[in-house]
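Presented below is the structure to which this report refers.
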Amino acid sequence: MPVIEWNDGLSVGVEEIDNDHKTLITLINDLFVALEAGDTQRSIEVSFDRLEEYIHRHFRREEALMAQYQYPDRDSHQSQHHNFTEKVRALKAELLSASSREVTEKAIDFLTQWLIHHIVAEDTKLAQLIKTAREQKQPGWGGFAARFSRAVPFRTRVLLTALIPTLGMVCLSLYIMLHSAGKVSALSDLESLYQLVDESSHLVHALQAERGLSIGLVATQPGRLLDRLQVLRSDSDASIQRFKTHLNQLQQHSQYPFLPRLSDLLVQRTDELAQVRLAVDNQVLASAEIKAYYTAYIEELLQIANQMSHVQMPSVIGHSISAYLSLIYYKEKLGLERAAGLKAIEGGELQGDNRHQFDQLLGEQKALLQVFYNEAPAVLSDLLEADQHTAVSEKVMRLQQQLLDGVDQNSLASINGDDWWESFTARMNQLQTVLDQLSQTIVQQSQRFKNEQERIMWVTVLLTGLFLALLWWLSRLLTRSVIEPVERVTEALSRLAGGDQTVLLSDALADDELRHILSAYERCRVEILQGSYDEARSYLNEQKADRYRTLSSVDPLTGLFNRRRFNELGQVELERAVRFNTPITVLIIDVDKFKQVNDRFGHHFGDRVLQGISHALERQARSSDILARIGGEEFAMLLPQTQLDMARPLVERLLQQVRVLEFECDGQRLSTTISIGVVMWDGCHRDGLLSWLLNQADQALYQAKQQGRDCYREVGTDSEADESEVNTST
């Protein structure tokens, strides 16, 4: 009858590994049958040979899979393979040298117990890694779901079921808030810029009046217009000063790139204006030059209003600003008509290019008025329409027609220049009044939209905050109703797997999947409690004993073996070396000047140094080497089946790895070194061999210390311990 049979409970889910396990079980059963049948030692030897051969192939295949899928416990797993192989060889030798039933049962028991433990505890973890990796490489939705499930924990996945439906809502809220904030900022910028535009409008109005009278002054006697011109110049200077003050204030709180250039231009134009005025008073400038200067100055100021078109604004405000700009330019064209007409009246003619320019001004005025009527709010359109029928407007239209008739009939002298000037000036003042009302309308519209956007933004903030608070409450509810029960079941199952059968879970839930899980756990717990209590207690006691043995074998500071465990393992390796006549090398490693480190930085820092050095030594040790801390700052390493020439590269690496370590304490960096004593045994048997080797290595360590530290010294032990060789690492 087979000692062990394959069943699906032993499957790890990876076909190639399961097939190897089935074959191994068959070989173990064949060995058992041969032993039970009383076959000859030759038959048993053949069975063991087949077992060893297949174990070798299986372990090689498993180690290739571990390398391919980057198994994290690869070294530990390979060490188990190595130990198992060695144990099988030892059992084979023991079986071939003895025929007792006790030895036979011992061998079979070891093989079956190890295989089952290896499948359940070790190969299952490797198989899970392989299956997960293969599932993640699947194309399409299945591979994506596998990668998602591995990357995102269960708690997060549950919370995502509540978060994902609200993600769009939160994003929409953020968009509304940011959009509203952007509009509020843009409207604030628009208000600041519009105040500057409004100031520039008044300055343009003053310069238009000064331009017209300056052109008229050149064409007539100075004394008649000079006093009125001085008054207009005072108005222009006051407007320039107000505009300059507002410009300086805006520069301090705005990032508009054209403001510094405008400020420099204003200084330049102010200086030029004084020179032009002096030239006008002395009548050394032609009317065309005067017109060109003032018109250029006014055009530059009008360009400020165009900057508003680059600011984000609602369409209603955009229409109002378009109407504002058209009316400003209409008033400028009217001012140019006033100046051109006054020049023609005073000069008695309007011919050639001057007539063409005059007709062009009239056409541009009509186009600009049409733009205003199309863009302005209805109230202001009606206001301007009514303004067109006032006595002043009708008189201006009569004067325009009279001027055109006078040009055609060569009778301009019949038109009074003062009447022309006063009528057009009054008309421009009316237009300025409309501009001021339109300016107030734009400011009111901007403030209304700004308040509306601020209200939208804050309402959105409030609703989003309430929504997030509700979401937080729902997440807490989900945590308590879904995640916490699952966590309790998980913890209970983990404790049940460890032998703790005392966890009782309440199933006070709805009749759903979670309640079924809790009920299934409780049935499992009860079934286990109904089993053999003595067996369970024995198992728990054995687990505790194993834990205590582990604690008694490990150095608590470094995690390495302690001296007692080193002696136990070292004695086993030495017995194997004596039995098979194989070499073995022992190292004694001591930290240089460690007492000074403790005295200078304290024992806590000294412990950190020892931990760092132990980790560096452990990284260089092979899986078959035995590394232990056997004293305060002293370590020992036993290298099975290793001669001196094989050990020297390892010793060099140990020295180098410690040499490059750096430790920091209170801003100071510290590096340290080690000294190593090396001794090899290659067949000379002595009583107390391990103690003798440690003593020899300790003497070599002392000599290395004498040589200056940070080096190693060897002692050969083949026949005489007197001859030795010094090796110093540089």
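Since the model is a prediction, treat every value here as computed from it, not as a measurement.
A 4.5 Å side-chain heavy-atom check between L654 and I589 finds at least one atom pair inside the cut-off. Side-chain atoms of L670 and E664, non-hydrogen and from C-beta on, never get closer than 4.5 Å to each other. Two residues are said to be in side-chain contact when any heavy atoms from C-beta on lie closer than 4.5 Å; V658 and L617 meet this criterion. Residues V586 and L639 have side chains not in contact (no heavy-atom distance under 4.5 Å, counting atoms from C-beta outward). The shortest distance between side-chain heavy atoms of S614 and F635 falls below 4.5 Å. Between Q641 and E573 there is no side-chain heavy-atom pair separated by less than 4.5 Å. Proximity of R622 to T642: side-chain heavy atoms (C-beta onward) are separated by under 4.5 Å at one or more points. Side-chain contact between I674 and D590 is absent, with no heavy-atom pair separated by less than 4.5 Å.
If you take CD1 on I676 and CG on L587, they are separated by 6.5 Å, rounding to the nearest 0.5 Å. Atoms CD1 and CD, on I584 and Q643 in that order, are 12.5 Å from each other to the nearest 0.5 Å. To the nearest 0.5 Å, atoms OG1 (T585) and CZ (R648) are separated by 9.5 Å. Note that CD of E652 is 9.0 Å distant from CD of Q656, once rounded to the nearest 0.5 Å. To the nearest 0.5 Å, the span separating CG on L610 from CD on E634 amounts to 12.0 Å. Note that CG of L638 and CH2 of W681 are 11.5 Å apart. Values are rounded to the nearest 0.5 Å.
The number of heavy atoms from other shown groups lying within 6.0 Å of CD (Q706) is above 12. Taking a 6.0 Å sphere around CZ of F601, one finds it holds more than 12 heavy atoms contributed by other residues, nucleotides or ligands.
A salt bridge is absent between E633 and K595; no separation between the charged side-chain nitrogens and carboxylate oxygens falls under 4.0 Å. Between R563 and D555 there is no salt bridge, since none of the side-chain N atoms of the basic residue sits less than 4.0 Å from a carboxylate O of the acidic one. Under a 4.0 Å N-O distance rule, the pair R564/E568 qualifies as a salt bridge.
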Point to revise | Verdict with supporting geometry, V591 and I613, side chain to side chain contact (heavy atoms under 4.5 Å, CB included) | key: CA-CA 9 Å; V591 182; I613 292 175; 3.7 Å; yes
**Study point:** L655 vs T673, side chain to side chain contact (heavy atoms under 4.5 Å, CB included): CA-CA, chis, key distance, verdict
**Key:** CA-CA 7 Å; L655 291 168; T673 59; over 6 Å; no
Exercise for review: Show your working on side chain to side chain contact (heavy atoms under 4.5 Å, CB included) between L694 and N567 and close with a plain yes or no.
Suggested key: CA-CA 10 Å; L694 291 174; N567 289 338; 4.3 Å; yes
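For the pair R576 (side chain) and R579 (backbone), a donor-acceptor distance under 3.5 Å is absent. Put simply, the side chain of Q611 gets close to the backbone of L557: a donor and an acceptor are under 3.5 Å apart. A donor-acceptor distance shorter than 3.5 angstrom exists from the side chain of N83 to the backbone of S79, with no hydrogens or angles considered.
Checking R659 against T672 by side-chain atom types alone, no donor-acceptor pair falls below 3.5 Å. For the residue pair S675 and D592, a side-chain donor N or O sits within less than 3.5 Å of a side-chain acceptor on the partner. Between D75 and S623, the side chains place no donor N or O within less than 3.5 Å of an acceptor N or O (distance only, hydrogens not considered). Counting only N and O atoms by type, the side chains of R600 and Q668 include a donor and acceptor under 3.5 Å apart.
Checking each of V715, I588, V651 against V678 for a side chain to side chain contact (heavy atoms under 4.5 Å, CB included) leaves exactly one that passes, namely V651.
Listed here is the closest heavy atom pair of V679 and A697: CG1-CB, 3.6 Å.
In this structure, the side chain to side chain contact (heavy atoms under 4.5 Å, CB included) partners of L569, at least two apart in sequence or on a different chain, are F561, R565, I626.
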